[in-house]
Amino acid sequence: MLDSGTDRVNYGDLLTAPAGFHLDFALGTTYSLDLDALMSACLSLGLSTSPDSAMADNPMALFAALSEMRGRLVVFCEKGKVRFSGAYKQLYSQIEDSIIEVDLRGRSGQDYPSFHPKLWILRFLSDEGPEKAMYRVCVLSRNLTFDASWDVAGTLHTDAKPVKDIVGKKRASGGYPLQKTLGVLASYASSGRGSRPIQQNIERITHELPYMCLKTEDQEWSLKKHPLLFSGEWADDDNLFPERFNTLLSNCRRAVIVSPFLSDDPTHTNPLSSLYRALQEGLDEEGTYLVTRRSALLGQSSNLPLLSKIPIYTVRNDLVDDNDESLLQDTLNDEAASQQNDNAHNLWRAEPRDVHAKIFVFEEVDATGRPSTHLFYGSANATRRGMETNNEVMVHLVSEKNGAFDKILQDLGLDEESQKHGSLFERLSLESVENIVDQEPHKDSEIERAFAHFLRRVEIDMTITESAQEYDVTLRINNVDAPMLSGGAIRYSLITQTAEKCLQANSNELVFHHVPIEHLTEFARITFAPASSEESSVPSSGIVKCSLNGASQQILEKRRSALFKKICAKDENTLLEYLNFRLSDNPELYASVISRARQGGSTHGLSLKLEGLYENLIEAFRTDVKNASALIKDCLSMLEEDSSDLGDLRAMLEAFSTVKEG
């Protein structure tokens, strides 16, 4: 179940529709978000292909995937935690409407909470009638980025059910807290300027999913009552995970805690304090395993009485330094990406492949001596904030099978036999632990913390006006609630351009002139460069989503047509390729054939002639007239009225656009 060798999961497989179904809507949550990672995810969501495939480098395929996801995708993330590589900047405009930044203000006297859950809720519809719906819920520890750390992911699913019969008189187990949490997400979408179709889809999920019974993929594990455990603001104070964590820790015989980060404060809500109390009350020291990062142990001298009692494991050094499979490193090494973003090294810091999974396992024994094993996985770290203030999500599974706890030890490589032969994790000696905890941890400078807070608080209004076939973009900066940043310069730019500007004295406006329509974006990049080189070796950067008025929003809607004509319809042959690609039963194979043909300098013999397209359209309208008609009308809406150079192709599309359903 948790074997790093045999139980590896392809991220794209989590998002791909099951056989006989197609994706209707996808809702995702993440702490940090990489725009390029989101576009790659759309390949799986929209085209059912791997995000690691060659199509991730094909602008036409990316445009097609993003077109499929229009109005069918929403991703919530922490405000100020969006980043990008710059490889396909102009395509970012196609996913901007799908992104909603969440700014949790916290209550008076409370820590500044983070929006930290990693979750996908996918609604699928049957390909054939009568229409049935099924759901897949994916809970992960991985953010929607290209980080190559060791993470955990699991899926729950519902059975397919006729749409008209889903909502009944009684919610499924855990339905009520799930409904409350989804209601909070719906409020985020409303206040975060989510489009009306997105809000309607969230409302439908909120209405349906609480009545659907979730099931686990592994038959040896069952779902505990209220299997999805939410904590923080979106749980409406119903924080079940810390409650179950402390209860099981007090009653269990053995425990495994996997967490990349640990708290060093002495408060009673610190999970390490709870663990220490459990050891004092009889928890088996040698049967308690802590898996973490070496960096998490730095400065933990106050917790040494606990850390010296239990086995502690970290990822082997030789594996931490191995970045051969890191998509992040591949991108950093990509010359084109580096040329398009001169600060790529700051936005794409190559993280070691360390542990990032959050797993908690407890073995309980009842009065008859029968063991049961409780497994939690998800987004919450073993920290006070992870238990107390952040928005988090965890899954609770239970196994009554004898040996379930030992099987998890074997899967993680923590058992004695695995340690002899070498595993992902290695046990630290007591001497190593004592040496590490005495070292000072790296901490962000005061300026870095202030800038991170600035990104969460700053508000930017954007106005777009037409100017001689290009556009002027005005940014109005509202930083009343943001902390003051002194000792350096704050620069602003559009993420699609390199030009940066600073606010002048007594002004809160910046104007970027002559911006091409393809470069219009809702995201502004903010960079803080300290005046003193001692504060930071590189500038701190982040991007935030701007607010737009109605007229500016209407101008932005023209971007898609401009990109379509540039990428997919620059001439008749290119549009033929795009249409055949969209109509193909195997888009990935078709894209590969096109690519090889181009490399050979010819497309002779490919099904790119009007006759071939005509046959493909006939078949598409025969099997799925609704989607085929939508594709044709979408293409025509993005083409200029006077696209006479498309000749007979345009006439064919206009003829098919008149076909009626039924």
Residue K79 excluded, over 12 heavy atoms near NZ under 6.0 Å: yes
ring-ring contact (aromatic ring centres under 6.0 Å, His included) assessment of H396 paired with H226: CA-CA 8 Å; H396 186 180; H226 301 305; over 10 Å; no
S263 vs L272 side-chain heavy atoms within contact, under 4.5 Å: no
Residues E220, K401: salt bridge by 4.0 Å N-O rule: yes
Flag if over 12 foreign heavy atoms under 6.0 Å of NZ, K118: yes
Ionic contact status for R142 with D151, cut-off 4.0 Å: yes
Note, I312 side chain near L307 side chain (heavy atom, < 4.5 Å): yes
R136 to W120 six-membered ring, cation-pi geometry met (6.0 Å, 45°): no
Full working for ring-ring contact (aromatic ring centres under 6.0 Å, His included) between F528 and F454: CA-CA 10 Å; F528 180 74; F454 180 91; 8.3 Å; no
R457 with D103: basic N within carboxylate O range, under 4.0 Å: yes
K407 side, atom NZ; D415 side, atom CG - distance, nearest 0.5 Å: 10.5 Å
Verdict with reasoning, E243 to T247, per side chain to side chain donor-acceptor pair (under 3.5 Å): CA-CA 6 Å; E243 177 184 317; T247 300; 5.7 Å; no
Side-chain ion pair, R427 and E286, N-O less than 4.0 Å: yes
Sole residue of F360, F241, F245 in ring-ring contact (aromatic ring centres under 6.0 Å, His included) with F376: F241
